[in-house]
Amino acid sequence: CACAVTDPSASTSAIGISFRSWGAPFLKFEPSRATMFRAALRLSFSGARSLTRLRPQFTEETDEEFDARWVTYFSNPDLDAWELRKGMNTLIGYDLVPEPKILDAVLRACRRLDDLASAIRVLEAVKDKSGPRKDIYPYLLQELRPTLDELGISTPEELGMDKNLPARPSGQNGETTS
């Protein structure tokens, strides 16, 4: 990558990179590399202090704000299948079981996208996320039952997906037994 100093009057750092007094590099790179390089320089020269300047002060989000944020995300009419999966992966990655109103928005998004497989996968993920607490999943199904009926979505249990399938005995599909 060829670097060219565009301001000859600027001071030069110990590694030979030109900076003005406020620390912004004046280098010519391809746009994507320049952006990454600037971010790396900010971190290397100013340490963690730059992170606090780049990001606003963190405020703790209440449960109601969290729920409203996710309901809004999944209620977006422009949501596509990739964003639905990304949102669900992020949501399931948190250390919590989503509230019924969030799951309602997720199931409605699945219906909008005509994606029954994702809707069933959401229910499977929530069941898995409930873990050893056997009372959470039935409560969620009870709360989601009107939505499931309205949208025509069956639960994994109603589809028989919770039972182990029997092994196929030999002799089927043209196999010969000796």
Side-chain angles (χ1 to χ4, degrees), residues 32-33 35-36 39-40 42-44 47-177:
S32 61
R33 288 188 181 185
T35 304
M36 293 186 309
R42 278 191 199 113
L43 287 175
S44 65
R49 286 184 296 154
S50 67
L51 292 176
T52 58
R53 280 184 273 146
L54 294 175
R55 305 277 317 249
Q57 292 297 325
F58 293 104
T59 58
E60 193 165 320
E61 188 175 41
T62 66
D63 291 343
E64 292 78 23
E65 292 169 339
F66 178 84
D67 293 348
R69 179 169 52 98
W70 282 106
V71 167
T72 302
Y73 178 84
F74 288 114
S75 298
N76 180 3
D78 296 329
L79 187 81
D80 63 6
W82 185 86
E83 290 170 328
L84 174 73
R85 289 190 304 272
K86 179 184 179 299
M88 272 310 300
N89 283 335
T90 303
L91 188 59
I92 292 299
Y94 291 134
D95 188 23
L96 55 84
V97 177
E99 288 288 327
K101 59 185 166 185
I102 298 173
L103 294 173
D104 182 84
V106 172
L107 293 173
R108 290 183 186 281
C110 290
R111 184 64 183 144
R112 247 190 343 269
L113 295 170
D114 199 22
D115 193 353
L116 177 64
S118 290
I120 293 170
R121 183 65 186 122
V122 164
L123 295 174
E124 289 176 326
V126 169
K127 182 177 182 179
D128 184 54
K129 195 71 175 161
S130 299
R133 302 269 322 256
K134 300 298 180 198
D135 56 337
I136 295 176
Y137 184 66
Y139 165 74
L140 290 172
L141 287 181
Q142 172 190 337
E143 294 295 313
L144 293 172
R145 179 53 54 196
T147 303
L148 293 171
D149 292 340
E150 176 188 342
L151 300 177
I153 298 172
S154 300
T155 65
E157 294 78 18
E158 292 169 349
L159 295 172
M161 296 172 66
D162 60 333
K163 297 172 181 56
N164 291 333
L165 296 175
R168 185 177 71 197
S170 61
Q172 289 184 350
N173 297 331
E175 297 173 4
T176 58
T177 58

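For reference, positions follow the sequence shown, starting with 1.
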*asked:* Using the side-chain contact (heavy atoms from CB on, under 4.5 Å) criterion, which residues pair with Glu158? Sequence neighbours excluded.
replied: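 For Glu158 the side-chain contact (heavy atoms from CB on, under 4.5 Å) partners, ignoring immediate neighbours, are Arg145, Ser154, Thr155.
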
*With Leu151 via side-chain contact (heavy atoms from CB on, under 4.5 Å) - residues at least two apart*: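 Applying side-chain contact (heavy atoms from CB on, under 4.5 Å) to Leu151 gives Leu107, Arg108, Arg111, Thr147, Ile153.
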
*Would you please name every residue forming a ring pair (Phe, Tyr, Trp, His ring centres under 6.0 Å) with Tyr73, sequence neighbours left out?*
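With sequence neighbours excluded, Tyr73 shows a ring pair (Phe, Tyr, Trp, His ring centres under 6.0 Å) to Trp70, given in chain and number order.
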
*asked:* Would you say that more than 12 heavy atoms from the other residues, nucleotides or ligands in this model lie under 6.0 Å from the CG of Asp135, or not?
replied: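 Count over threshold, so yes.
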
When rounded to the nearest 0.5 angstrom, what is the spacing between [atom1] in [X] and [atom2] in [Y]?
| X | Y | atom1 | atom2 | result |
| --- | --- | --- | --- | --- |
| Phe74 | Arg112 | CZ | CZ | 10.5 Å |
| Glu150 | Leu144 | CD | CG | 12.0 Å |
| Asp63 | Leu96 | CG | CG | 9.0 Å |

*Sequence neighbours excluded, every pair satisfying ring pair (Phe, Tyr, Trp, His ring centres under 6.0 Å) that has a member inside residues 91-122*: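 Residue pairs passing ring pair (Phe, Tyr, Trp, His ring centres under 6.0 Å), neighbours aside: Phe66-Tyr94.
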
*Sequence neighbours excluded, every pair satisfying ring pair (Phe, Tyr, Trp, His ring centres under 6.0 Å) that has a member inside residues 114-145*: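 Checked against ring pair (Phe, Tyr, Trp, His ring centres under 6.0 Å) - neighbours excluded - no pair reaches residues 114-145.
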
Measure across [X] and [Y] and return the closest heavy-atom pair with its distance rounded to 0.1 Å.
| X | Y | value |
| --- | --- | --- |
| Leu79 | Ala109 | CD2-CB, 3.8 Å |
| Ala105 | Ser75 | CB-OG, 4.0 Å |
| Glu60 | Glu65 | O-OE1, 4.2 Å |
| Lys134 | Gly131 | NZ-O, 4.0 Å |

Side-chain donor/acceptor pairs under 3.5 Å, residues 82-93, sequence neighbours excluded:
unit_1 : atom_1 : unit_2 : atom_2 : d
Glu83  : OE1    : Asp80  : N      : 3.1
Asn89  : ND2    : Arg85  : O      : 3.3
Thr90  : OG1    : Lys86  : O      : 2.9

*From the options Asp67, Leu103, Leu140, select the one residue that forms a side chain to side chain contact (heavy atoms under 4.5 Å, CB included) with Pro98.*
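The passing option is Leu103.
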
*Are any non-hydrogen side-chain atoms of Leu141 and Glu157 less than 4.5 angstrom apart?*
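Yes, close enough: below the 4.5 Å cut-off.
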
*Charged N to carboxylate O under 4.0 angstrom, Glu124 versus Arg121?*
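Here Glu124 pairs with Arg121 in a salt bridge, since their nearest N and O are under 4.0 Å apart.
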
